[in-house]
Amino acid sequence: MSSLLINLFLAGFAYVIVIYFVAMMTKNALKKDKPNGDDGDGGVENQKPPHIDLPPGVVWPTQGPTQKPTREPLEV
């Protein structure tokens with residue numbers, strides 16, 4: 001047997017072993033009969049909007065004054 005055939009045989013055998021282990025590890029992930037409430041995105045759910053530091057004098061429209069300030073009459 002030449003070294004090329006031995007190398008091809010060992011590479012094929014290693015490929016079969018790797019595919020077997022990958023199939024065994026993903027077997028539980030492929031089961032569809034387990035109902036779980038996971039939507040799959042992971043992480044911690046945070047419903048608060050981000051806090052953005054605005055420059056001085058700039059406010060969000062929801063934080064602005066609710067009524068216009070009354071101006072005193074201007075005498076000319």
Quiz prompt | OH-CE distance between Y20 and M24, expressed to the nearest 0.5 angstrom | solution = 4.5 Å
Practice problem: Please name all residues satisfying side-chain contact (heavy atoms from CB on, under 4.5 Å) with I6, sequence neighbours left out, ordered by chain then number. | Solution: M1, L10
Quiz item: Which residues satisfy the side-chain contact (heavy atoms from CB on, under 4.5 Å) test with V58, sequence neighbours excluded?
Solution: L54, P55
Quiz prompt | Side-chain heavy-atom pair Y15, I19 within 4.5 angstrom cut-off | solution = yes
